[in-house]
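Naming: A, B, ... by sequence-line order, numbering from 1 per chain.
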Amino acid sequence: MTEIRLTNTRTRTKEPFAPIDPDDVRMYVCGPTVYDRAHLGNARPAVVFDVLYRLLRHVYGAGHVKYVRNITDVEDKIIDRARANGEAIEDLTRRTTGWYHADMDALGVLRPNEEPHATDYVAQMIAMIEALIARGCAYAAEGHVLFSVASFPDYGALSGRSVEDMIAGARVEVAPYKRDPMDFVLWKPSAADEPGWESPWGRGRPGWHIECSAMSEALLGASFDIHGGGADLMFPHHENEVAQSCCAHPEGSFARFWLHNEMLLVEGRKMSKSLGNFFTVRDLLEGRTEFGPVTGEEIRLAFLLSHYRAPMDLNATRVETARAVRAEICEALGKRGSAALAARAPGAPIEAVVARLADDLDTPGALAELRGWLGLKRKQMTGEVLDRIVASLDLLGLDLRGAASTGDYARLYDAEPGAHADPALAACEARLAELRAAAKQSGDFAEADALKAGLVAAGVEVRILPAGPFLIRQATHDPAAVARLAATERA
RNA sequence: GGCGAGUUGGCGGAGUGGUUACGCAGCGGAUUGCAAAUCCGUGUACAGGGGUUCGAUUCCCCUACUCGCCUCCA
């Protein structure tokens with residue numbers, strides 16, 4: 001069996017991964033707070049841990065992996081946004097959850113096995129808070145319940161910082177009801193116009209951290225294999241989760257492996273609204289950024305081109321590289337022709353690709369290995385090789401068999417290619433062949449060149465082979481522009 | 001102030017104690033009506049300073065710079 005090695009934040013080292021139960025590998029990842037469109041930074045952990053999920057499924061079997069990613073649907077940002085929009089909280093969270101799903105689907109991110117909503121687990125949170133109070137790890141004060149950091153000697157171990165350092169250097173919220181400035185909220189009172197649940201401490205709502213402790217325990221147990229999230233969650237969120245879960249369930253180990261993905265940068269700077277380099281996944285997909293339209297596969301590739309533990313800088317070069325790799329994959333998949341493309345089924349993935357992924361999720365390395373295979377000559381691109389490429393692409397979450405350009409490349413490699421699948425492009429292709437034939441007689445290529453330029457501008461690759469012109473739709477191709485060209489040429 | 005990551009050729013980005021990936025761009029050639037695509041060939045690098053070593057870009061230390069986290073944040 002493939003040995004997976006992962007960098008464990010707990011130990012700061014790369015360790016061999018062995019699940020508690022190979023028949024039930026369990027992973028928890030912190031999901032989105034649903035109050036707005038997912039920004040690009042939200043997408044990074046979704047993609048990173050999707051690759052890990054796919055790898056775990058490959059190694060342990062699809063039925064033996066349980067992946068839980070929560071939806072935080074109670075939080076002050078949500079309350080504020082709903083109030084600002086003048087809408088009900090439920091309407092806001094339902095809509096934004098739908099957006100999140102649509103955007104992650106576009107990136108080829110598989111749905112987790114469970115996607116618990118915080119508001120469905122308030123009873124479990126209250127029970128856990130009661131247990132913490134009973135064990136002397138938490139205390140109620142003025143309608144709040146606070147976790148007592150002093151009760152957990154290992155506090156700070158995960159993020160590698162001491163309580164003294166934090167008090168000295170960081171701004172810590174001082175509140176009169178706190179016994180210790182580092183104590184954090186498990187439960188807080190709700191005003192009449194805020195969402196709330198009845199509890200032993202009055203009507204209120206949970207603090208941010210308790211939901212992950214309660215939901216991971218409910219769905220994965222007191223001990224599970226992997227907990228993931230963005231590096232910025234390491235402190236305080238994950239540190240607090242560890243404190244809550246380990247104190248509530250001293251018999252369990254909570255998460256054995258902690259994985260953190262590094263942050264996203266845009267042109268070398270942190271993405272932020274004030275810098276004007278902030279954008280959502282949807283902005284990118286719909287071309288509302290300086291990068292023009294970027295497909296879901298290209299965004300995914302842009303992520304995979306960086307190692308998850310390195311900051312990823314999104315810039316024009318990165319987007320271009322992602323586009324080039326996507327085109328490379330599409331052409332490679334078409335090298336055996338249309339019939340083969342339709343028939344291809346995944347086989348066993350390329351060992352070198354699996355090995356790279358198993359080595360701490362080395363996606364840039366895996367892509368490098370894969371690209372070696374993509375570049376094979378047509379003669380070497382046998383059915384078996386293609387099967388292995390397809391299987392490897394599946395592991396990376398990049399099935400491009402259905403892409404328009406893949407089909408167009410396949411036709412290019414057909415022994416007897418028929419007309420172009422797209423009628424407007426078929427017309428343009430025939431017209432271009434006609435114009436070129438006439439131009440070769442007259443020596444005036446102006447018309448042929450104008451059509452060619454129009455096609456390129458519409459996102460269509462023009463390849464002129466001895467057999468004649470071939471038109472290939474690229475990811476960015478604009479069907480409306482092509483239709484206009486076809487109509488003009490007919491007239 | 002505390003913690004962490006990083007600094008590789010024009011750009012992006014791997015990697016290794018000795019023989020210097022790869023991609024893009026560039027340059028030369030083949031091909032082309034011209035291009036594109038394709039094919040062949042080709043150059044430049046390891047932030048600075050010490051140390052360990054027969055030998056360091058690769059290990060250790062220091063310095064500089066960059067970035068992130070420490071507050072809601074993926």
May I ask you to say whether [X] pairs ionically with [Y], meaning some side-chain N is under 4.0 Å from a carboxylate O?
| X | Y | value |
| --- | --- | --- |
| A/E351 | A/R388 | yes |
| A/E447 | A/R431 | yes |
| A/E331 | A/R463 | yes |
| A/R37 | A/D283 | no |
| A/E262 | A/R309 | no |
| A/E429 | A/R411 | yes |
| A/D313 | A/R318 | no |
| A/D105 | A/R111 | yes |

How many whole angstroms separate atom [atom1] of [X] from atom [atom2] of [N]?
| X | N | atom1 | atom2 | result |
| --- | --- | --- | --- | --- |
| A/M312 | B/A5 | CE | C1' | 17 Å |
| A/N261 | B/C73 | CG | P | 14 Å |
| A/R37 | B/C73 | CZ | P | 22 Å |
| A/W258 | B/A74 | CH2 | C1' | 14 Å |
| A/Y28 | B/A74 | OH | C1' | 14 Å |
| A/H260 | B/G68 | NE2 | P | 19 Å |
| A/W208 | B/A74 | CH2 | P | 7 Å |
| A/F279 | B/C73 | CZ | P | 22 Å |

Take A/P45 and A/E328, find for each the nucleotide of RNA chain B with the closest heavy atom, and name the residue whose nucleotide sits nearer the 5' end.
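Mapping each residue to its closest nucleotide by heavy atoms, the 5'-most match is A/E328.
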
Nearest-nucleotide comparison on RNA chain B, the residue closer to the 5′ end among A/A231 and A/S306
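Going by which nucleotide is closer to the 5' end, it is A/S306.
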
Side chain of [X] only, heavy atoms from C-beta on: which candidate in [options] is closest?
| X | options | result |
| --- | --- | --- |
| A/L265 | B/A5, B/G68, B/A74 | B/G68 |
| A/D232 | B/G23, B/A5, B/A74 | B/A74 |
| A/K77 | B/A74, B/G13, B/C72 | B/C72 |
| A/H39 | B/A74, B/A5, B/G12 | B/A74 |

Between the protein and nucleotides 30-35 of chain B, which nitrogen or oxygen pairs come in under 3.5 angstrom?
from, atom 1, to, atom 2, distance (Å)
B/G33, N7, A/R436, NH2, 3.1
B/G33, O6, A/R436, NE, 3.4
B/G33, O6, A/K452, NZ, 3.4
B/G33, N1, A/D449, OD1, 3.0
B/G33, N2, A/D449, OD2, 2.8
B/C34, N3, A/K452, NZ, 3.0
B/C34, N4, A/K452, NZ, 3.2

Roughly how far apart, to the nearest Å, are [N] and [M] at atom [atom1]?
| N | M | atom1 | value |
| --- | --- | --- | --- |
| B/A74 | B/C67 | P | 23 Å |
| B/G48 | B/C40 | C1' | 41 Å |
| B/U58 | B/C46 | C1' | 9 Å |
| B/C24 | B/U42 | P | 16 Å |
| B/A56 | B/U16 | C1' | 10 Å |
| B/G68 | B/C61 | C1' | 24 Å |
| B/G18 | B/A35 | C1' | 46 Å |
| B/C22 | B/U52 | C1' | 32 Å |

Mutual orientation of the aromatic rings belonging to A/F184 and A/Y155 [parallel < 30°, tilted 30-60°, perpendicular > 60°]
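Correct class here is parallel.
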
Under a 3.5 Å cutoff on both atom distances, Watson-Crick or G-U, what's the dot-bracket for RNA chain B ([ ] crossing, | other strand)?
(((((((..(((.....[...))).(((((.......)))))....(((((..]....))))))))))))....

Once you apply a heavy-atom cut-off of 4.0 Å, does A/H237 come out as touching a base, just sugar-phosphate, or nothing?
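No contact.
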
Base, sugar-phosphate alone, or nothing: which one does A/G41 contact when heavy atoms must sit under 4.0 Å apart?
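If one applies the 4.0 Å heavy-atom cut-off, A/G41 turns out to touch a base.
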
Quickly, which of A/Y28, A/F49, A/Y53 forms a ring pair (Phe, Tyr, Trp, His ring centres under 6.0 Å) with A/Y67? Name it, please.
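When ring pair (Phe, Tyr, Trp, His ring centres under 6.0 Å) is applied between A/Y67 and each of A/Y28, A/F49, A/Y53, only A/Y53 qualifies.
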
N or O in side chain of A/R309 less than 4.0 angstrom from B/G4 OP1/OP2
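So the side chain of A/R309 is outside the cut-off, no N or O lying under 4.0 Å from OP1 or OP2 of B/G4.
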
Hey, does the side chain of A/D225 reach the backbone of A/R26 with a donor-acceptor pair shorter than 3.5 angstrom?
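Side chain of A/D225 to backbone of A/R26: a pair is present.
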
